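Notes for the one structure printed next.
Worth saying up front: this structure is predicted, and the values here are computed from it rather than measured.
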Amino acid sequence: MKEFFRIFQISGSALTAQRWRLNVISSNLANAETTRTPQGGPYRRKDVLFVPSSGQFPEILGREITTVQQGVRVQQIVEDPRPPRSVYNPGHPDADPSGYVLLPNVNPLEEMVNLIAAARSYEANLEVFNATKAMLLKALEIGRI
């Protein structure tokens, strides 16, 4: 019975992590054309960094022999170090004296691929959660008879 609740904990942590990832991707897509931010300059693409909620790899490997994983968590949201795109558009209000505008380093196609991957991962974890719940309910029905 305890293992069922551990599965809920693991899939729940993955659902939370993927929700964060979906929010960050949505923010990237919404700011794909933002040339002015409060920090100055164009918007910088962000990404989510996941880590196992149990600790670092050697620590996890040592525990794996005797216990089960605890899930995943978001460690931090990091900025993409790639430089902004420079586009010639002399009529833009943020163009420099030579007519170039710095645009965010967001590639909408790349963001859509990440969005689909995150959505599928979210759905897979939701399916694990629901399958576990169905198995638990069936086990309770067996116990009633």
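Side-chain N or O atoms of Arg44 include one that pairs as donor or acceptor with a backbone N or O of Asp80 at under 3.5 Å. Not a single donor-acceptor pair under 3.5 Å links the side chain of Arg73 to the backbone N or O of Ala17. The backbone N or O of Val128 lies less than 3.5 Å from a partner atom in the side chain of Thr132, making a donor-acceptor pair. Judged by distance alone, the side chain of Asn125 and the main-chain N or O of Gly12 form no donor-acceptor pair under 3.5 Å.
We find the CD-CD1 distance between Gln9 and Ile7 to be 11.0 Å, quoted to the nearest 0.5 Å. Taking CG of Asp47 as the start and CG of Asn28 as the end, the distance is 7.5 Å to the nearest 0.5 Å. Leu29 CG to Glu111 CD: the interatomic distance, rounded to the nearest 0.5 Å, is 5.5 Å. Separating the CD1 atom in Ile25 from the CD atom in Gln18 is a distance of 8.0 Å, to the nearest 0.5 Å. Atom OG of Ser26 sits about 11.0 Å away from atom CG of Asn31, to the nearest 0.5 Å. Put simply, NZ on Lys138 and CD on Glu141 are 4.5 Å apart, with the number rounded to the nearest 0.5 Å.
Criterion: ILVMFWY side-chain heavy atoms under 4.5 Å apart, direct or through other members. Under it, Met135 and Phe129 are part of a common hydrophobic cluster. Under the 4.5 Å side-chain heavy-atom criterion for ILVMFWY residues, no single connected hydrophobic cluster contains both Val106 and Val87. Under the 4.5 Å side-chain heavy-atom criterion for ILVMFWY residues, a single connected hydrophobic cluster contains both Val72 and Val24. Hydrophobic clustering (side-chain heavy atoms under 4.5 Å, transitive across Ile, Leu, Val, Met, Phe, Trp, Tyr) keeps Val78 apart from Phe50.
Closest approach of Leu22 to Ala119, counting heavy atoms only: CD2-N, 4.0 Å. Contact between Trp20 and Val74 at its shortest, heavy atoms only, is CB-CG2, 3.8 Å. Here the shortest heavy-atom pairing between Ser98 and Tyr88 reads O-CE1, 3.4 Å. Nearest heavy-atom pair, Pro84 versus Leu103, reported as atom, atom and distance to 0.1 Å: CB-O, 3.1 Å. Considering all non-hydrogen atoms of both residues, Pro93 and Arg36 come closest at CB-NH2, 4.1 Å. Shown here for Asn105 and Arg82, the closest heavy-atom pair between the two residues is ND2-O, 2.8 Å.
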**Item:** Asn114 and Arg21: CA distance, side-chain angles, deciding distance, side-chain contact (heavy atoms from CB on, under 4.5 Å) verdict
**Value:** CA-CA 9 Å; Asn114 288 338; Arg21 186 175 172 204; 4.2 Å; yes
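Residues Ile116 and Arg120 are in side-chain contact: their nearest non-hydrogen atoms beyond the backbone lie under 4.5 Å apart.
For CZ of Phe8, the number of neighbouring non-hydrogen atoms (other residues, nucleotides, ligands) closer than 6.0 Å is greater than 12.
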